[in-house]
Amino acid sequence: MDLPAKSPSLWQSKPPQQPGQLFIFDRTPQIGQYSRLGPTRTGPAPRTDNLATADAPRPEPSASDGLTPSQQSAVDHFEGPLLILAGPGSGKTRVITRRMVRLVERGVDPRQILAVTFTNKAAEEMAERVERLAGGQRVAVSTFHRFCARLLRDHAEMVGLQANYTILDTTDQKQVVRSVLDELNLDAVHFPPGRISGRISHAKNQQQSAEELRSDVATRVGNHFQEVVARVYPRYQEFLLKANAVDFDDLLLHVQKLLNENPELRARLDDRYRFVMVDEYQDTNLVQYGIVRLLSHDHPNLCVTGDPDQSIYGWRGARIDNILRFEQDYPEATVVRLEENFRSTAAILRSADQLISHNQMRKAKSLVTANPEGEPVELLVFGSAQDEAHGIAGRIHELVSRGVCTYGDCAVFYRVNSMSRQVEQALSRWSIPFQVIAGVAFFERAEVKDMLGYLRLIENPADDAAFTRVVNKPPRRIGKVTQSKLARFATAEGLNRLESAAEAKRITGLSKQATTALLRFHELVDGLTLADAGSVAELLRTVIDRTRYTAGWQSGMNKSSEQDIQRQAVIDELLALATHYDEDAGDERSLAGFLEVTSLVADTDAIDPSQGAVTLMTLHAAKGLEFPTVFVVGIEQNLLPHERSLRDDNPRELEEERRLLFVGMTRAISRLSLTLAAQRDLHGQSRSTIPSQFLGEMELTSRDHTDPRGSAAPRPPLPDVTRLSQSSDNVDQPLLTTAAALLDGTAKAATLEQGFAIGMAVRHPRYGLGTVIAVDGYVRNRTVTVRFEDSEEGVSFQADHCPLQPVGRS
DNA sequence: CCACTATTGCTTTTT
DNA sequence: GCAATAGTGG
């Protein structure tokens, strides 16, 4: 397939600027001087440049039912392998959903179609679109992990598990490693559990078993750390198997094994899923690749889509070559390239293209658009990270008040999560609503993990990881020493820890106090079942009750601290979530089902651009999304590219960093700003930064906002709290994403459209009806105090995480 | 022997 | 700026 020749004008722009030259500009940014582009790409912005006129002007396909010829050919492809190489903004999602619809129209049974994505959000969206277009017919759209979890549920015994196995998250993994280290008499200080579990995960992604890793390590000399990993790995795996538990990697690995070792099952599934589609194929790892191939052997109607330039998950085992070698794997494959970009302005696309073309290990590919030139991509230079954040907040404020775009149109991307804080603070000061994807995620909260830990232990008593997590929560005098003795006893007797607790009297060297504490704990957990409780929510309430989990911080004498209020709010939210699940699942409900749902959610599932709030997220989380206005912050050496990628001068890692920025830039529809700060705090100390090497690789208009006299941070126009809490037709609608919304992207019921205002009538699933009597704090730390009908006292909730819903008209 | 607190140390990205 | 650790009081 031939590539369109690069348009010469694309490369005749200004020569790349040297980073050093970037900081000499007027420091009075007048946003008003920019030519205005409509708030969306369909806006009537005039063309200011003839860059794209070489291509025949073409109507925007999404405006009608029309598809470009290449899009059409992908949609029409019927049987046989198909590779869709889709550049950013090329209408990929649209093409694959349309193709599925087309298959159904052709008479393919929808149950024979399986589509696999990486995030729940993508899966849900796709399923919904297909269902809508195919007249209510549903196809199976799932994430890799969820698909495997289900499959494994049905065939657990074939890989030595039971159907009620539990899924461990990264925290549990570390805890298991810690346990193993303890057993091997190694200290966790010198061998950080996180690093060890990371190495184990890496090995698993390379399909390296414990034995293989061991022999691999044996051939090399003197890597002590690796040797420890090799010793821990097999014990870790035994621990998991005994605990009837799997980690994220096992989910995939077990399924691959299942398919490999059971030809008849493999053939059955291959036949069942006649048409398999994989999105973001460049992000698949070796195991996922294996699974896909095993399912597409007899019926190689495999359709994969992706873009090598958007491969950003190499660090977790993604193999960019999976997509590059597709044509070798399936020589008869049809290849369709979608290269026309319908998303971004020509200016944005040009800069992104210039950047990515600096990658050496890359198949040349052109990015073409018929979109107008638009505003230049700008580089904003600030003195400090704080100024940077305020500069962005000010710019957003300006854009919104001029009606150029809405808050929901704006997004801020950063390399590391820790960078969100400053932006959050600045936005708060400006009273700008925002939504952070993955700050302290709900399911990472200690309270949630503890509660789920109890549920896990009830569902799967062998889950020693869950046992260790909850055995002393709340504190019941079962400390480190006792637990260690218990663990040794359990291993010696071949029992799980919960069973061992029941046998506490037989454990030698245990104090009387510890013995009774263990016995009582066993009794506590033993007496809990879903059947008795009737529903997950009810079971959860029983757990809270019997463990007196919240007793320590129940708001007894309005003495509870802010933290306690938040904790309570988290618990309430979890209860609401369980209720939601109970209702949703009906008779199908099971503890395993609830736990599966809760362990496989991702932070990115919460992204909801319709919320009317600025969205903050990492560059990784941004993939697959688009926003009219995009800011990418911290374009500095050692940050982007990240220092880790520069460490041993590894060009592959550097190129991945470049792709990361490329992904971020190509999310922008109309306006794109890259920002950096001359000084930035690095663990406490303020340090001078070096502009990213990537900046010199593309065309930018730069603006210096550093002030030699210091403190040039723009100020919010009216840092006014009363405005936030009192007006009910507030434009600055605070965004309230609840965990329920996270689990069920469409759970509008759980998401408030309006901010809380004093006097507003609300309903709480547990406390009933009430009235808002106070609103405090800013967006993320905002609390709402409500007085409920049957009480005098107000109850406070963390606005972000509470199941309060407005009642009636506001 | 356990719980609580002060201090240290360390920070990519995520299913 | 947080989590895990080390130290101290109960």
Side-chain angles (χ1 to χ4, degrees), chain A residues 116-123 142-149 167-171 173-175 178 187-189 192-195 198 201 204-205 246-252 280 283-285 287-288 311-318 385 413-422 424-425 437-441 443-444 446 472-485 509-515 517 552 596 599-605 617-623 634 638-647 653 656-657 659-661 663-664 681-685:
Chain A
V116 191
T117 63
F118 277 85
T119 66
N120 296 299
K121 180 137 203 296
S142 182
T143 64
F144 266 109
H145 292 269
R146 202 175 289 276
F147 174 75
C148 290
I167 302 167
L168 304 186
D169 65 18
T170 46
T171 316
Q173 287 175 260
K174 279 187 257 178
Q175 206 174 51
R178 194 163 261 128
D187 75 302
V189 186
R195 268 185 71 198
S201 171
K204 286 184 175 181
N205 283 327
V246 299
D247 59 25
F248 287 129
D249 304 312
D250 283 346
L251 231 32
L252 306 169
E280 308 284 15
D283 288 334
T284 51
N285 65 25
V287 185
Q288 289 158 336
S311 160
I312 52 175
Y313 286 103
W315 53 272
R316 71 171 201 209
F413 305 148
Y414 33 80
R415 178 65 232 265
V416 296
N417 275 310
S418 59
M419 290 173 70
S420 73
R421 177 160 293 111
Q422 261 140 336
E424 287 174 53
Q425 282 169 358
I437 307 305
V440 182
F443 290 97
E444 303 282 301
N472 204 28
K473 271 166 198 155
R476 42 175 83 89
R477 322 223 97 230
I478 302 173
K480 208 177 171 176
V481 181
T482 305
Q483 286 188 49
S484 194
K485 283 175 187 162
L510 221 55
S511 74
K512 184 133 199 236
Q513 195 187 38
T515 310
E596 181 188 302
S599 25
L600 296 178
V601 282
D603 299 319
T604 47
D605 296 339
M617 67 182 102
T618 61
L619 285 162
H620 284 90
K623 192 162 67 163
N638 295 323
L639 208 48
L640 187 69
H642 194 270
E643 55 173 335
R644 274 175 112 101
S645 67
L646 295 166
R647 221 164 255 176
E653 289 184 35
E656 183 155 313
E657 297 287 310
R659 289 194 293 268
L660 198 49
L661 179 55
V663 166
D681 286 352
L682 274 169
H683 28 276
Q685 297 281 296

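Residue numbering restarts at 1 for every chain, and letters A, B, ... go by the order of the sequence lines. Note that these values count all heavy atoms, side chains included, but never hydrogens, waters or copies made by symmetry.
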Roughly how many Å is it from CD in A:Q173 to P in B:dT14, rounded to a whole number? 15 Å
For A:E656 and B:dT13, give me the distance from atom CD to atom C1', rounded to whole Å. 9 Å
Length of the CG-P vector between A:L660 and B:dT13, whole Å: 11 Å
Heavy-atom nearest nucleotide on DNA chain C taken for A:T171 and for A:Q425; more 5' hit belongs to A:Q425
Would you classify A:R178 as touching base, sugar-phosphate or nothing, given that sugar-phosphate means primed atoms plus P, OP1 and OP2, and contacts are heavy atoms under 4.0 Å? sugar-phosphate
Whole angstroms only, please: what is the CD-C1' distance between A:E643 and B:dC10? 11 Å
Could you list the protein-to-nucleotides 3-5 of chain B atom pairs, N/O on both sides, closer than 3.5 Å?
from, atom 1, to, atom 2, distance (Å)
B:dA3, OP1, A:R477, N, 2.6
B:dA3, OP2, A:N472, ND2, 3.0

For the pair A:R421 and A:E424, find out whether any cationic side-chain nitrogen is under 4.0 Å from an anionic carboxylate oxygen. no
How about A:I478 and A:Q483: do any of their side-chain heavy atoms sit closer than 4.5 Å? yes
Quick check: does any side chain N or O of A:E280 sit under 3.5 Å from a backbone N or O of A:F118, one acting as donor and the other as acceptor? no
Donor-acceptor pair, A:N205 side chain versus A:R316 backbone, under 3.5 Å? yes
Mark yes or no for whether A:Y414, through its side chain, and A:M617, through its backbone, hold a donor-acceptor pair below 3.5 Å. yes
B:dT11, OP1 or OP2 - any side-chain N/O from A:R195 closer than 4.0 Å? no
Can you check the A:D681 CG to C:dG1 C1' distance for me, whole Å? 10 Å
Can you check the distance between B:dT13 and C:dA4, where both ends of the measurement are the C1' atom (answer in whole Å)? 22 Å
5'-most contact on DNA chain B: A:G509 or A:F248, nearest heavy atom basis? A:G509
A:H620 and A:W315 aromatic ring geometry - parallel, tilted or perpendicular at 30°/60° bounds: perpendicular
Between C1' of B:dT15 and NZ of A:K623, the distance in whole Å: 12 Å
Tell me which nucleotide among C:dC2, B:dT14, B:dC1 gets nearest to the side chain of A:K485. B:dC1
Out of B:dT13, C:dC2, B:dT15, which has the shortest distance to the side chain of A:W315? B:dT13
In whole angstrom, what separates A:R421's CZ from B:dT11's C1'? 12 Å
Backbone N/O of A:V481 and side chain of A:S484: donor-acceptor pair under 3.5 Å: no
Output yes when at least one side-chain N/O atom of A:T618 is less than 4.0 Å from OP1 or OP2 of B:dT14, else no. yes
Go ahead and write out DNA chain C as dot-bracket, 5' to 3': ( ) for pairs within the strand, [ ] for ones crossing earlier pairs, | when the partner sits on another strand, dots for unpaired; Watson-Crick or G-U wobble, both distances under 3.5 Å. .|||||||||
Just by modelled atom types, is the A:L510 backbone N or O under 3.5 Å from a matching donor or acceptor in the A:K485 side chain? no
Backbone N/O of A:R476 and side chain of A:N472: donor-acceptor pair under 3.5 Å: yes
Contact under 4.0 Å: A:N417 side-chain N or O vs B:dT14 OP1/OP2: yes
Under the 3.5 angstrom rule, does the side chain of A:Q288 hit a backbone N or O of A:N285 as a donor-acceptor pair? yes
Determine, answering yes or no, if A:Y313 is stacked on B:dT13 under the 5.5 Å centre rule and the 30° plane rule. no
Whole angstrom is fine here: how far is it from CD in A:Q483 over to C1' in B:dC2? 11 Å
Find which nucleotide of DNA chain B each of A:V481 and A:S645 is nearest to by heavy atoms, and output the residue with the more 5' nucleotide. A:V481
